**Student:** 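This is the structure I have questions about; it appears just below.
When a ligand or atom number is given, it counts from 1 through the structure's own listing order. Reckoned from all heavy atoms, side chains included, excluding hydrogens, waters and symmetry mates. Nothing here was measured: the structure is a model prediction, and the numbers come from that model.
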Amino acid sequence: MTDPQLFQQLRAWPKVELHRHLEGSVRLATLVEVAQAYGIEMPEYSLETLRPFVQMMPEETRSSQHFLAKFLTIRQFFRSAEVIRRVAREAVEDAAADNVLYMELRFTPPALSNILRCAYADVIGWVCEGVAQAMATAAIQVRLIVSVNRHEPVATAEQVLEAALAFRQQGVVAFDLAGNERDYPAAPFAGVFQRARAEGLGVTVHAGEWAGAESVKVAVEHLGAQRIGHGIRSVEDPALLDWLAERGLVLEVCPTSNVHSGAVGHWDDHPLRVLNHSVVPVTINTDDPLVSDICLSDELHVAITRLGMTLADLKKHTRAAINAAFLPVSERQRLLARWDSLLTANV
Ligand code: HPA
Ligand code: ZN
């Protein structure tokens with residue numbers, strides 16, 4: 001199914017990404033180096049030994065449990081400030097190498113502080129430093145989204161938000177809810193997310209991935225979500241699509257992640273086929289480049305080869321991503337102009 005010429009064309013395109021997790025973006029080779037340097041026990045320090053623990057494999061059961069289990073392994077590798085700065089820097093460098101012009105990178109402070117047992121403010125600061133290092137040399141603009149998991153306590157989310165608010169001048173622009181949607185409702189997090197909004201942060205919530213349309217509605221009505229992570233199951237309720245469009249919501253769709261996590265059984269049934277023509281703006285994203293072994297160019301490529309999109313569709317969705325970026329209007333306008341001129345120069 002791969003069309004190498006199309007892939008190269010998309011690789012050269014200026015791109016925008018709104019939904020990528022830092023923990024799911026670490027280089028496999030870096031994890032092996034960290035394991036060796038910090039004495040994390042492995043039968044052999046090789047990429048192929050580690051791969052099945054952190055990446056979805058072709059024959060593996062595709063379910064939320066299998067998918068989320070990778071993040072439990074990845075958490076074990078954040079052993080020092082140096083490692084956290086390094087993975088943040090490399091995640092930005094990898095996006096820049098894929099010609100991502102603007103990226104919102106999200107990260108989960110409790111995942112990064114899991115081994116170190118340090119303050120959330122410490123890990124947020126190290127991520128900001130790693131990102132700033134990469135931005136100093138790479139041609140990419142990055143903003144940060146601080147994420148908390150549904151399956152972790154609300155009190156943790158409150159502490160993470162408190163720490164995150166101190167980093168609004170260092171690139172933190174929004175707050176996100178991720179994790180196990182099947183077993184953990186979002187409603188208990190309403191207060192934390194309303195506070196995030198009141199403090200000027202953007203709000204995005206993973207919903208309508210492993211649960212249905214009702215979960216999307218809760219994210220908007222109770223948590224004040226402005227964007228929905230995935231939101232693919234909104235297609236099950238056409239009235240909901242109208243309702244979302246009226247309120248200016250935007251979906252952050254991650255095509256391969258949805259197949260790997262079991263949210264979508266088969267490419268032919270991917271809701272993005274319907275959402276491509278929906279009243280609700282959609283954006284195309286990677287979610288987790290390491291876990292799914294992809295880059296953003298791969299996701300644009302599958303949108304064409306497996307989901308029936310055209311280059312014109314992809315342009316429309318990139319424009320939607322720029323419009324939905326958690327940036328001041330003037331910066332969104334500047335980004336749009338830059339993307340437009342690079343695209344024109346590219347074709
Ligand atoms: N859903 C929920 N939590 C996550 C995901 C996802 O797709 N990726 C990383 N954490
Ligand atoms: Zn996600």
Side-chain angles (χ1 to χ4, degrees), residues 17-26 53-56 60-78 87 91 95 103-112 114 127 143-152 156-157 160 174-186 189 193 202-212 215-216 218-219 223 225-234 250-265 270-272 282-296 299 321 324 326:
E17 162 118 20
L18 300 183
H19 189 132
R20 185 180 300 201
H21 298 258
L22 172 61
E23 301 82 35
S25 303
V26 182
F53 294 94
V54 298
Q55 201 165 82
M56 293 302 292
E60 188 168 359
T61 305
R62 291 169 171 188
S63 68
S64 55
Q65 294 95 310
H66 278 250
F67 189 77
L68 290 175
K70 309 297 179 189
F71 293 93
L72 291 179
T73 306
I74 295 166
R75 272 183 185 216
Q76 309 310 316
F77 289 77
F78 302 114
V87 298
M103 170 167 69
E104 289 179 7
L105 183 63
R106 61 191 72 194
F107 64 102
T108 312
L112 300 178
N114 172 58
V127 171
R143 292 293 180 270
L144 293 164
I145 299 177
V146 171
S147 192
V148 291
N149 281 320
R150 293 162 179 267
H151 53 263
E152 294 180 311
T156 300
V160 171
F175 207 54
D176 167 50
L177 186 66
N180 180 346
E181 185 190 8
R182 212 175 49 111
D183 302 315
Y184 294 85
F189 294 86
F193 277 77
V203 166
T204 176
V205 172
H206 284 67
E209 179 188 21
W210 297 311
S215 171
V216 176
V218 170
L223 278 70
Q226 298 154 294
R227 301 191 330 222
I228 299 292
H230 306 290
I232 46 171
R233 288 186 56 185
S234 305
V250 174
L251 305 184
E252 306 160 355
V253 182
C254 310
T256 300
S257 165
N258 294 150
V259 173
H260 282 170
S261 75
V264 172
H270 203 299
L272 194 48
V282 300
T283 65
I284 299 177
N285 307 276
T286 57
D287 210 14
D288 301 294
L290 164 68
V291 176
S292 290
D293 197 16
I294 52 164
C295 61
L296 186 56
E299 295 310 88
F326 288 129

**Student:** Side chains of Cys254 and Glu209: closer than 4.5 Å at any heavy-atom pair?
**Tutor:**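 Cys254 vs Glu209: side chains apart.
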**Student:** Answer yes or no: does an N/O atom from Asn149 fall short of 3.5 Å to an N/O atom of ligand 1?
**Tutor:**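 Looking only at distances, the answer is no, because the N/O contact criterion of under 3.5 Å is not met.
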**Student:** Please find the pair of heavy atoms, one from Ala91 and one from Leu22, that lie closest to each other, and give the distance.
**Tutor:**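 Scanning both residues, the minimum pair turns out to be CB-CD1, 3.8 Å.
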**Student:** Would you give the angle at the Zn ion (ligand 2) between His19 atom NE2 and His21 atom NE2, to the nearest 10°?
**Tutor:**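 NE2 of His19 and NE2 of His21 make an angle of 100° at the Zn ion (ligand 2), to the nearest 10°.
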**Student:** Quick check on contacts: which atoms of ligand 1 are under 4.0 angstrom from a heavy atom of His230?
**Tutor:**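 Ligand 1 atoms under the 4.0 Å threshold to His230: 6 (C), 7 (O).
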**Student:** Tell me: protein heavy atom nearest atom 3 (N) of ligand 1, and distance?
**Tutor:**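 Nearest neighbour among protein heavy atoms for atom 3 (N) of ligand 1, to 0.1 Å: Gly179 N, 2.9 Å.
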**Student:** For ligand 1, which atoms, with element, lie under 4.0 Å from some heavy atom of Ala178?
**Tutor:**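 Result: 3 (N).
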**Student:** Going by heavy atoms in the side chains, are Val148 and Leu177 under 4.5 Å from each other?
**Tutor:**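 Val148 reaches Leu177 side chain to side chain.
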**Student:** Looking at every heavy atom in both Ala95 and Met103, which two are closest together, and how far apart are they?
**Tutor:**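 In this case the closest contact between Ala95 and Met103 is CB-CE, 3.6 Å.
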**Student:** Within Cys254, is some N, O or S atom less than 2.8 Å away from the Zn ion (ligand 2)?
**Tutor:**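 Short answer: no, not a single N, O or S atom is under the cut-off.
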**Student:** Apply salt bridge (Lys or Arg N to Asp or Glu O under 4.0 Å) to the pair Glu60 and Lys70, showing each step before the final yes or no.
**Tutor:** CA-CA 12 Å; Glu60 188 168 359; Lys70 309 297 179 189; 2.8 Å; yes
**Student:** What is the nearest protein non-hydrogen atom to atom 8 (N) of ligand 1, stated with its residue, atom name and distance?
**Tutor:**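 Looking at atom 8 (N) of ligand 1, the protein heavy atom closest to it is Asp288 OD2, 3.1 Å.
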**Student:** Answer whether the closest heavy-atom distance between the side chains of Leu105 and Leu144 falls below 4.5 Å.
**Tutor:**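 Side chain of Leu105 against side chain of Leu144, heavy atoms only: contact under 4.5 Å found.
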**Student:** Under 2.8 Å from the Zn ion (ligand 2) - does any N, O or S atom of Asp287 fall there?
**Tutor:**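 Here the distance criterion (N, O or S atom, under 2.8 Å) is met by Asp287, so yes.
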**Student:** Should Glu181 be listed as contacting ligand 1, given a heavy-atom distance under 4.0 Å as the test?
**Tutor:**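 Outside the 4.0 Å threshold, so no.
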**Student:** Identify, for atom 1 (N) of ligand 1, the protein heavy atom at the shortest distance, and state residue, atom and that distance.
**Tutor:**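 For atom 1 (N) of ligand 1, the nearest protein heavy atom is Glu209 OE1, 2.8 Å.
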**Student:** So which atom in Phe175 and which in Ala157 form the shortest heavy-atom distance, rounded to 0.1 Å?
**Tutor:**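 In this case the closest contact between Phe175 and Ala157 is CZ-O, 3.7 Å.
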**Student:** How does Val291 reach ligand 1, if at all, at less than 4.0 Å between non-hydrogen atoms: by side chain, backbone, both, or neither?
**Tutor:**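 Answer for Val291: neither.
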**Student:** Among Arg106, His19, His21, find the one that has a side chain to side chain donor-acceptor pair (under 3.5 Å) with Asp176.
**Tutor:**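 Going through the options one by one, the only one that passes is Arg106.
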**Student:** Answer yes or no as to whether an N/O/S atom of His206 is found below 2.8 Å from the Zn ion (ligand 2).
**Tutor:**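 So His206 counts as coordinating the Zn ion (ligand 2), yes.
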**Student:** Would a distance-only check, ignoring hydrogens and angles, find a side-chain to backbone donor-acceptor pair under 3.5 Å from His151 to Asn180?
**Tutor:**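 Flag set: sc His151 to bb Asn180 pair under 3.5 Å.
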**Student:** Among all protein non-hydrogen atoms, which one is nearest to atom 10 (N) of ligand 1, and what is the separation to 0.1 Å?
**Tutor:**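 Result: His21 CE1, 3.6 Å.
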